[in-house]
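Down below is the structure, laid out as structure tokens.
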Amino acid sequence: MGNPFEYAPAPESRAVVDIAPAYGLFIDGKFADAADGGRLKTVNPATEEVLSEIAVGGEADVDRAVKAARKAFKSWSALPGAERAKFLFRIARLVQEHARELAVLESIDNGKPIRESRDVDVPLVAAHFFYYAGWADKLAHAGFGPSPRPIGVAGQVIPWNFPLLMLAWKVAPALAAGNTVVLKPAETTPLTALRFAEICVEAGLPDGVLNIVTGAGETGRALLAHPDVDKVAFTGSTGVGKEIARAIAGTRKRVTLELGGKAANIVYDDAAIDSAVDGIVEGIFFNGGQVCCAGSRLLVQESVADEVMESLTRRIRTLRVGDPLDKNTDVGAINSAAQLSRIKELVAVGEAEGAERWSLAGDLPAKGFWFPPTVFTGVTQAHRIARDEIFGPVLTVQTFRTPAEAVEKANNSAYGLSAGVWTEKGAKALWTAQRLRAGVVWTNTFNKFDPTSPFGGFKESGFGREGGRHGLEAYLDV
Ligand code: NAP
Ligand code: MG
């Protein structure tokens with residue numbers, strides 16, 4: 001990846017990870033059961049095997065966590081930035097030391113291919129902590145005035161598609177800026193966040209600076225509604241995002257929302273077709289398409305449409321769907337039964353609306369949650385599969401004749417998170433990027449992330465930016 005923080009992982013092995021039969025909530029530096037003893041099971045989506053039971057935080061637990069974060073805020077925010085940085089650097093190095101284990105744990109709990117958790121997610125987690133550690137003693141020089149102050153207690157709620165990476169995107173800038181945190185992971189993927197809590201203990205992070213309250217949607221609702229939470233950071237669906245925006249309207253809380261997407265991936269007739277096809281595959285099948293910025297709408301110029309489709313089909317036939325822990329796997333499991341049924345429902349709608357479906361043939365494992373790589377042609381703007389986020393390995397294909405038509409179709413969406421442009425002409429790439437209403441526009445690549453570049457959406461994809469210098473602003477009183 002050309003990543004300066006890259007770390008050579010331990011020699012390839014089917015690393016054994018220790019998963020405890022049950023986990024408590026991580027509050028004030030200690031693990032403890034929920035006040036009412038509530039528990040949920042987390043399963044391996046590739047096998048349906050129960051991995052562990054996790055505590056379900058209720059209002060009383062959330063309150064205890066917010067109090068711990070409030071208490072810790074006083075001394076944490078008073079530490080010189082260079083001292084806070086030491087903890088973040090230590091966490092980053094420990095993530096690297098535990099890289100193999102974290103990658104395996106992530107793939108077991110989430111279903112994503114080990115190649116992705118090992119080569120993308122976990123290295124990026126470390127990179128985010130290194131990057132924001134570097135800002136901790138330079139906040140006065142970040143362009144936010146001479147003495148920007150932290151906001152206070154941050155309540156953070158994250159989804160299941162990049163469990164540890166979404167944690168890093170939120171926790172690293174919050175702590176660097178001097179805030180304290182209560183984070184709620186998604187109910188189907190709590191394990192790496194809990195392992196991360198243990199890493200923070202190992203790093204000597206003071207008690208209460210980071211608290212992890214596991215549970216379901218109600219736990220998240222209680223956290224974001226808590227009156228002593230100063231800053232709300234949410235990544236998830238647009239539906240829940242809107243509910244949160246309504247719930248906190250009129251309060252003094254600061255908020256950033258990272259919501260859904262339906263990205264256009266535009267292929268012009270002068271693109272290098274082989275690379276474009278690789279980019280289309282990367283755009284929609286990375287993490288099984290369970291990616292907010294997935295390139296789920298292919299827009300291909302009419303004159304090359306047949307050539308692109310032929311090459312794309314050939315390429316998809318080489319994809320290996322199956323065991324997430326096999327390093328040759330390209331497409332892993334769908335994260336949950338609920339997500340699988342949402343994908344199936346929208347695919348059925350696509351067929352009923354008259355679009356033409358093609359799915360990769362082959363046996364899928366009998367147990368677990370699986371969906372084959374799928375492509376819809378004969379799609380129009382009016383089709384629901386072209387408008388709704390499917391959040392699975394399902395691509396819709398539309399054609400266009402002129403650049404203006406490509407831009408119009410791309411922007412004809414309620415979302416505006418990301419987009420891709422494939423062309424050999426720099427001027428055309430810039431012309432297109434300037435007209436796309438999307439927070440991130442990739443040119444001749446797709447789904448590339450870096451801690452230095454801001455990420456976030458327009459329209460119903462949310463507001464606020466994470467990553468880069470912009471990502472600090474959300475955690476500073478400027
Ligand atoms: P979700 O249902 O909105 O859940 C996201 C998180 O919010 C989970 O931790 C969930 O808890 C919690 N939650 C549910 N209801 C809540 C409420 N009323 N108040 C507070 N928290 C609540 O979304 P998801 O299905 O997990 O994730 C998929 C969605 O996330 C997709 O739409 C995707 O585009 C979006 N996403 C966006 C980005 C981005 O950066 N823009 C990144 C990744 C994903 P439980 O899981 O425990 O129910
Ligand atoms: Mg799970």
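Below, all heavy atoms of this structure are taken into account, side chains as well, without hydrogens, waters or symmetry copies. Just so you know, ligand 1 is whichever comes first in the structure, and atom 1 is the first atom listed for that ligand.
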Does some non-hydrogen atom of [X] fall short of 4.0 Å from ligand 1?
| X | value |
| --- | --- |
| Gly462 | no |
| Cys293 | no |
| Phe162 | no |

Could you check whether Trp422 and Asn265, counting side-chain N and O atoms only, form a donor-acceptor pair closer than 3.5 Å?
yes
Quick one: do the His226 and Glu59 side chains pair a donor with an acceptor below 3.5 Å?
no
Can you confirm whether Lys448 is buried at NZ, in the sense that more than 12 heavy atoms of other residues, nucleotides or ligands lie under 6.0 Å from that atom?
yes
Is it true that, when you exclude Lys71 itself, more than 12 heavy atoms of the residues, nucleotides or ligands shown sit nearer than 6.0 Å to its NZ?
no
Does the pair Asp63 and Arg70 meet the rule for a salt bridge (Lys or Arg N to Asp or Glu O under 4.0 Å), with working shown?
CA-CA 10 Å; Asp63 186 55; Arg70 175 62 60 197; over 6 Å; no
Contact between Leu417 and Val440 at the side-chain level, heavy atoms closer than 4.5 Å - yes or no?
no
Assess whether a salt bridge exists between Glu106 and Arg118, defined as any Lys/Arg side-chain N lying under 4.0 Å from an Asp/Glu carboxylate O.
no
Check for me whether Arg465 meets the cation-pi criterion with Phe458, that is, NZ or CZ under 6.0 Å from the six-membered ring centre and within 45 degrees of the ring axis.
yes
Tell me whether atom 4 (O) of ligand 1 lies less than 4.0 Å from at least one protein heavy-atom position.
no
With rounding to the nearest 0.5 angstrom, report the NZ to CZ distance, Lys327 to Arg320.
9.5 Å
Just go through Gly236, Gly456, Cys292 and tell me whose heavy atom is the nearest to atom 35 (C) of ligand 1.
Gly236
Distance under 4.0 Å to a non-hydrogen atom of [X]: what atoms of ligand 1 satisfy this?
| X | result |
| --- | --- |
| Leu417 | 41 (N) |
| Phe455 | 40 (O) |
| Pro159 | 26 (O), 27 (O), 43 (C), 44 (C) |
| Gly260 | 32 (O), 34 (O) |
| Ala186 | 9 (O), 46 (O), 47 (O) |
| Gly220 | 19 (N), 20 (C), 21 (N) |
| Gly215 | 47 (O) |
| Glu243 | 18 (N) |

Can you check whether Leu259 has an N/O within less than 3.5 Å of an N/O in ligand 1?
yes
Short N/O distance, under 3.5 Å, between Glu187 and ligand 1?
yes
Tyr475/Phe144 under ring pair (Phe, Tyr, Trp, His ring centres under 6.0 Å): CA gap, chis, key distance, verdict:
CA-CA 11 Å; Tyr475 290 97; Phe144 303 125; over 10 Å; no
Is Thr235 touching ligand 1 with its side chain, its backbone, both, or neither, if touching means heavy atoms under 4.0 Å apart?
both
Would you say the ring centroid of Trp169 lies under 6.0 angstrom from that of Phe455?
yes
Close aromatic pair by centroid cut-off 6.0 Å: Phe391 and Trp160
yes
Salt bridge (Lys or Arg N to Asp or Glu O under 4.0 Å) between Arg195 and Glu198, intermediate numbers included:
CA-CA 5 Å; Arg195 187 69 189 91; Glu198 292 170 348; 2.8 Å; yes
Looking only at protein heavy atoms, which one is nearest to [atom], and how far off is it?
| atom | result |
| --- | --- |
| atom 2 (O) of ligand 1 | Ser237 OG, 3.8 Å |
| atom 44 (C) of ligand 1 | Asn161 ND2, 3.4 Å |
| atom 40 (O) of ligand 1 | Glu258 CB, 3.3 Å |
| atom 34 (O) of ligand 1 | Glu389 OE2, 2.6 Å |
| atom 12 (C) of ligand 1 | Val157 CG1, 3.5 Å |
| atom 11 (O) of ligand 1 | Lys184 NZ, 3.1 Å |
| atom 24 (P) of ligand 1 | Trp160 NE1, 3.4 Å |
| atom 28 (C) of ligand 1 | Phe391 CE2, 3.5 Å |

Check step by step if side-chain hydrogen bond (donor to acceptor under 3.5 Å, both in side chains) holds for Thr256 and Lys231.
CA-CA 8 Å; Thr256 42; Lys231 151 80 190 169; 2.7 Å; yes
